[in-house]
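All remarks here apply to the structure that follows.
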There are 2 protein chains.
Amino acid sequence: MPALSPTERRLLEVAIDHFGRFGLDGASTRAMARDADTLMSSITYHFGGKTGLYLAAADHIAVTMAGFVAPALEQIATLFEGIPKPADARRALHIIVAHMIGVMVKDETAAIARFVVREQADPTEAFDRIYAGIMGLMLARVAGLLRIVSHNRLDEHAAKLRAMTIVGQILIFRVGRAAVLRGAEWTEIGEDEIKELQAHVADNLEAILDRLERGGSA
Amino acid sequence: MPALSPTERRLLEVAIDHFGRFGLDGASTRAMARDADTLMSSITYHFGGKTGLYLAAADHIAVTMAGFVAPALEQIATLFEGIPKPADARRALHIIVAHMIGVMVKDETAAIARFVVREQADPTEAFDRIYAGIMGLMLARVAGLLRIVSHNRLDEHAAKLRAMTIVGQILIFRVGRAAVLRGAEWTEIGEDEIKELQAHVADNLEAILDRLERGGSA
DNA sequence: GTCTATAGTCGGATAGAC
DNA sequence: GTCTATCCGACTATAGAC
């Protein structure tokens with residue numbers, strides 16, 4: 001893919017925000033162009049129209065999300081030498097989960113989450129691109145690690161479902177942010193709060209992995 | 001509150017759907033009126049305008065959600081006689097979690113979820129009403145049960161955060177439905193699939209509760 | 001590539017008949 | 001309570017100047 005021009009980059013970032021808030025129909029090309037310091041007609045020029053911008057925004061999300069998780073994947077790549085053992089997989093899962101919590105609560109994730117959640121509720125081609133670009137890969141990765149921990153007692157299907165429950169524990173801090181803030185009586189989620197969340201999720205994860213490794217019912 | 005007229009009821013149901021999909025600004029009063037087999041001006045008459053309908057929809061959601069969880073709450077009410085013991089609380093939590101999964105995957109929940117998730121991303125007075133009406137109560141309920149299981153080692157704050165992680169495991173099957181269907185290679189979530197999800201989440205819950213009751217790190 | 005102008009559609013609110 | 005008519009603003013797309 002060709003490098004993005006500054007105008008295209010600004011438009012894509014604004015587009016993720018506006019489409020996430022208002023949807024494909026609800027978002028206004030005029031407003032997006034204004035926020036990106038350009039003109040409505042440049043959307044037609046660069047992306048072929050509103051729908052083209054929408055799909056380009058989805059691709060941009062996949063690339064951005066991949067960049068978010070890259071550091072964690074690099075870190076765990078160093079853990080494995082030869083045949084992966086449950087203890088390695090457990091460490092890798094803890095790294096991934098802690099990293100994802102840090103990513104999820106960041107403000108920069110808010111716009112992307114709005115877009116993706118909306119697509120989940122009413123999937124279009126944009127969802128295909130995001131799923132194929134990053135979500136499916138991450139899910140498979142976590143599921144694979146869970147299988148290792150379980151000594152392959154979990155089959156691929158079960159491992160994927162289990163991976164979703166792990167991810168769900170993290171996602172709620174983004175998707176249910178307003179309820180979390182209210183329930184926890186927080187006004188923001190800063191470094192201290194992140195550590196607190198990470199401790200709780202890590203503790204849950206440890207409990208679940210213990211059971212998986214020892215071979216509880218599944 | 002007065003009983004709802006048929007027109008009001010239809011308008012509220014359509015409103016939850018449309019506002020959930022398109023947001024307060026994006027939804028069209030004309031389209032909502034059409035889908036509810038009435039006229040745009042009846043929105044003004046019954047609810048004072050678009051914003052009035054929006055807030056009324058939020059109240060309607062709180063009532064509907066309360067109705068959804070009522071059966072589980074009634075069921076667990078019979079469990080407690082005298083001072084609640086950890087074993088009672090564990091049974092109650094399993095009942096609540098299994099019930100919530102059943103509720104979350106139902107199609108009727110989709111529209112409500114869209115509305116609530118949107119409010120979470122950008123809370124307005126509507127969120128206050130839903131949180132005060134039902135969400136906060138359920139969160140407190142689950143947190144209270146977790147505290148009992150932990151022999152009160154969890155304080156109120158920690159128990160609420162832990163409750164959110166439990167709920168997150170369930171919410172993902174609604175909020176991330178498209179990814180779940182794709183990852184699990186399902187085309188729908190029917191009775192068999194619900195049982196499968198319930199088994200996985202129950203297994204996670206059992207692991208987490210074991211650790212909480214025995215007193216792992218928190 | 002950037003910008004203006006415009007055609008055509010749809011939006012919410014409201015006044016007022018019945 | 002139900003329905004029509006109308007006002008005015010905002011929207012997308014597009015043609016075309018520069």
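Note on naming: letters A, B, ... go to the chains in the order of the sequence lines (proteins, then strands), and numbering restarts at 1 for each one.
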**OP:** Over 60° means perpendicular and under 30° means parallel, so classify the ring planes of A:Phe127 and A:Tyr131, tilted if in between.
**Re:**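 Aromatic pair A:Tyr131/A:Phe127 classed tilted.
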Original post:
Okay, side chain of A:Thr165, backbone of B:Val201: is any donor-acceptor separation there less than 3.5 Å?
Top reply: no
Original post:
So, the side chain of A:Gln169 versus the backbone of B:Gln169: is there a donor-acceptor pair under 3.5 Å, distance only?
Top reply: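 Here the side-chain-to-backbone pair does not exist.
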In whole Å, what is the span from the [atom1] atom of [X] to the [atom2] atom of [N]?
X       : N      : atom1 : atom2 : answer
B:Ile43 : C:dA13 : CD1   : P     : 9 Å
A:Arg34 : D:dA10 : CZ    : C1'   : 11 Å
A:Met32 : D:dA10 : CE    : P     : 17 Å
B:Asp25 : C:dA13 : CG    : C1'   : 15 Å
B:Met40 : D:dG1  : CE    : C1'   : 15 Å
B:Phe22 : C:dG11 : CZ    : P     : 11 Å
B:Leu53 : C:dA13 : CG    : C1'   : 15 Å
A:Arg30 : C:dT2  : CZ    : P     : 18 Å

Original post:
Quick one: on DNA chain C, does A:Ser5 or B:Leu24 contact a more 5' nucleotide (nearest heavy atom)?
Top reply: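 By nearest-heavy-atom nucleotide position, the 5'-most residue is A:Ser5.
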Can you tell which of [options] lies closest to the side chain of [X]?
X       : options               : value
B:Tyr45 : D:dT12, D:dG1, C:dT14 : D:dG1
B:Lys50 : C:dT2, C:dT14, C:dA13 : C:dA13
A:Leu39 : D:dT6, C:dT4, D:dG1   : C:dT4
A:Ser41 : C:dC3, D:dT12, D:dA5  : C:dC3

Original post:
For B:Ala27, which contact category applies under a 4.0 Å heavy-atom criterion: base, sugar-phosphate, or nothing?
Top reply: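 Contact class for B:Ala27: sugar-phosphate only.
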Original post:
Would you say C:dG11 has OP1 or OP2 under 4.0 Å from some side-chain N or O of B:Ser28?
Top reply: yes
Original post:
Do B:Arg10 and B:Asp35 meet the salt-bridge criterion of a basic N to acidic O distance under 4.0 Å?
Top reply: no
Original post:
Is it true that A:Arg129 and A:Glu125 make a salt bridge, defined as a side-chain N closer than 4.0 Å to a carboxylate O?
Top reply: yes
**OP:** On DNA chain D, check which nucleotide each of A:Thr51 and B:Thr7 is closest to and give me the residue with the more 5' one.
**Re:** B:Thr7
